[in-house]
Amino acid sequence: MMQKVVGVAFIENGKLLIVQSHKSSKTNSWTLVGGGVKVRETLVEAAIREVSEEIHNNFTISESDLEQLFTFSEHAASDPNKMIEMTIFISHKKIDVELTTNAEILHYHWYKLGDDLNISASIKDHFLPYAIKNNLIY
């Protein structure tokens, strides 16, 4: 069964916020803020919940902060044997809290083009081409 997941892109000053979770650290990969969609949860609800869990420190976004970009299917960064259907959103709300590690996230990084990190296929193959074309990341 295909797992539905969401990714939320935060971009500031031409850089993209990427995270390394406990799960993705097993494959040393970096992903967008996000995660799985729960039963009876909409994509937007999942995005809002995941942002609140992964950024935490009382940072929240609302539906009006999010713009849905596109959806695609691929292998999960945390488990190459698992197929996911990922929907990517961009957040128009800036992060105004300190990024501190928590139960889910080990590391945060503001990624700029050329950084030598193992970014997930969802970022490298899907989000970056969109972001570069639209001059969001430079």
Side-chain angles (χ1 to χ4, degrees):
M1 186 179 95
M2 184 98 60
Q3 162 83 46
K4 282 187 189 280
V5 298
V6 293
V8 181
F10 288 90
I11 298 174
E12 293 186 23
N13 304 319
K15 295 179 182 159
L16 172 68
L17 180 65
I18 58 175
V19 297
Q20 194 168 60
S21 67
H22 289 275
K23 275 187 194 167
S24 68
S25 70
K26 293 178 189 139
T27 56
N28 193 34
S29 60
W30 292 78
T31 63
L32 293 171
V33 169
V37 178
K38 293 181 176 174
V39 177
R40 289 188 292 286
E41 190 176 48
T42 67
L43 294 173
V44 168
E45 287 166 348
I48 291 170
R49 177 183 50 76
E50 286 289 345
V51 164
S52 155
E53 289 172 4
E54 295 190 5
I55 307 285
H56 74 121
N57 290 338
N58 296 317
F59 181 77
T60 57
I61 58 172
S62 64
E63 186 167 358
S64 60
D65 297 320
L66 291 171
E67 179 184 342
Q68 187 172 330
L69 299 181
F70 48 82
T71 301
F72 55 90
S73 298
E74 70 173 18
H75 294 278
S78 59
D79 179 359
N81 298 316
K82 186 160 137 193
M83 286 300 289
I84 58 169
E85 180 181 271
M86 183 171 211
T87 299
I88 293 188
F89 294 88
I90 192 164
S91 171
H92 295 295
K93 181 176 177 182
K94 299 286 181 224
I95 296 173
D96 55 4
V97 299
E98 191 182 347
L99 295 172
T100 55
T101 57
N102 57 57
E104 288 196 35
I105 303 300
L106 296 170
H107 304 287
Y108 298 90
H109 179 77
W110 287 100
Y111 176 88
K112 65 181 186 308
L113 290 179
D115 282 356
D116 187 21
L117 292 171
N118 182 27
I119 54 175
S120 66
S122 58
I123 297 173
K124 188 173 30 204
D125 301 340
H126 300 279
F127 184 73
L128 277 186
Y130 170 88
I132 292 165
K133 186 177 83 183
N134 290 282
N135 207 30
L136 299 173
I137 294 183
Y138 39 86

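Position 1 is the first residue of the sequence; numbering continues from there.
Residues satisfying the ring-ring contact (aromatic ring centres under 6.0 Å, His included) criterion with H56, sequence neighbours excluded, are absent altogether. Residues satisfying the salt bridge (charged side-chain N to carboxylate O under 4.0 Å, His left out) test with K4, not counting sequence neighbours, are E85. Residues satisfying the salt bridge (charged side-chain N to carboxylate O under 4.0 Å, His left out) criterion with E74, sequence neighbours excluded, are absent altogether. Contacts of E67 classified as salt bridge (charged side-chain N to carboxylate O under 4.0 Å, His left out), with partners at least two apart in sequence or in another chain: none. Not counting sequence neighbours, S52 has no partner by the side chain to side chain contact (heavy atoms under 4.5 Å, CB included) test. For S62, the side chain to side chain contact (heavy atoms under 4.5 Å, CB included) partners at least two apart in sequence or on another chain are S64, D65. For H107, the side chain to side chain contact (heavy atoms under 4.5 Å, CB included) partners two or more places apart in sequence, or in a different chain, are Q20, W30. Listed by chain and residue number, N81, K82 satisfy the side chain to side chain contact (heavy atoms under 4.5 Å, CB included) test with D79 (two or more places apart in sequence, or in another chain).
Under the 4.5 Å side-chain criterion, counting only non-hydrogen atoms from C-beta, F127 is not in contact with I119. The shortest distance between side-chain heavy atoms of F89 and I61 does not fall below 4.5 Å. Side chains of L66 and V44 form a contact here, defined as non-hydrogen atoms less than 4.5 Å apart.
L136 and L69 fall within a single hydrophobic cluster, where Ile, Leu, Val, Met, Phe, Trp and Tyr side chains are chained together by heavy-atom contacts under 4.5 Å.
Rounding to the nearest 0.5 Å places CD1 of I48 at 9.0 Å from OG1 of T60. Rounded to the nearest 0.5 Å, atoms CD1 (I55) and OG (S91) are 8.5 Å apart. A distance of 11.0 Å separates OG1 of T31 from CG of N118, quoted to the nearest 0.5 Å. Taken to the nearest 0.5 Å, the CG atom of L43 stands 12.0 Å off from the CD1 atom of I88. To the nearest 0.5 Å, atom CG of residue L32 and atom CD1 of residue I123 are 4.0 Å apart. Atoms OG1 and CD, from T42 and E63 in turn, are 7.0 Å apart once rounded to the nearest 0.5 Å.
Judged by distance alone, the side chain of T27 and the main-chain N or O of A77 form a donor-acceptor pair under 3.5 Å. Judged purely by atom type and a 3.5 angstrom limit, E50 has no side-chain atom pairing as donor or acceptor with the backbone of G7.
Looking at every heavy atom in both residues, E98 comes nearest to N57 through O-ND2, 2.7 Å. Of all the heavy atoms in A46 and V37, the pair that sits closest is CB-CG2, 3.8 Å. Residues G34 and E54 come closest through the heavy atom pair O-OE2, 2.7 Å. Here the closest heavy-atom approach between residue L106 and residue T101 is recorded as O-CG2, 2.8 Å. For the residue pair P129 and D125, the shortest heavy atom distance occurs at CG-O, 3.6 Å. Of all non-hydrogen atoms in Y108 and N102, the two that sit nearest each other are OH-ND2, 3.1 Å.
Within the structure, salt bridge (Lys or Arg N to Asp or Glu O under 4.0 Å) pairs that include any residue of residues 103-124 comprise K112-D115 (at least two apart or interchain).
Grouped by direct or indirect side-chain proximity (heavy atoms under 4.5 Å, Ile/Leu/Val/Met/Phe/Trp/Tyr only), M2 sits with M83. Alongside Y138, the hydrophobic cluster contains no other residue (criterion: ILVMFWY side chains under 4.5 Å).
Counting non-hydrogen atoms of other residues, nucleotides and ligands closer than 6.0 Å to CG of N134 gives a total above 12. Within 6.0 Å of atom CD in Q68, more than 12 heavy atoms from other residues, nucleotides or ligands are found, so the atom counts as buried in its surroundings. Heavy atoms of other residues, nucleotides or ligands lying less than 6.0 angstrom from NZ of K94 number more than 12. Counting heavy atoms of neighbouring residues, nucleotides and ligands inside a 6.0 Å radius, atom NE2 of H75 does not exceed 12 of them.
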Tabulate below the donor-acceptor pairs under 3.5 Å that side-chain atoms of residues 8-19 make, not counting sequence neighbours, or state none.
unit_1 : atom_1 : unit_2 : atom_2 : d
E12    : OE2    : I95    : N      : 3.1

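By the 30° and 60° cut-offs, the orientation of the rings of F70 relative to F72 is tilted.
Between R49 and E53 there is a salt bridge, since a side-chain N of the basic residue sits under 4.0 Å from a carboxylate O of the acidic one.
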- Task: Dump the intermediate steps for side-chain contact (heavy atoms from CB on, under 4.5 Å) on I105 and V33, then the final yes or no.
- Result: CA-CA 9 Å; I105 303 300; V33 169; over 6 Å; no

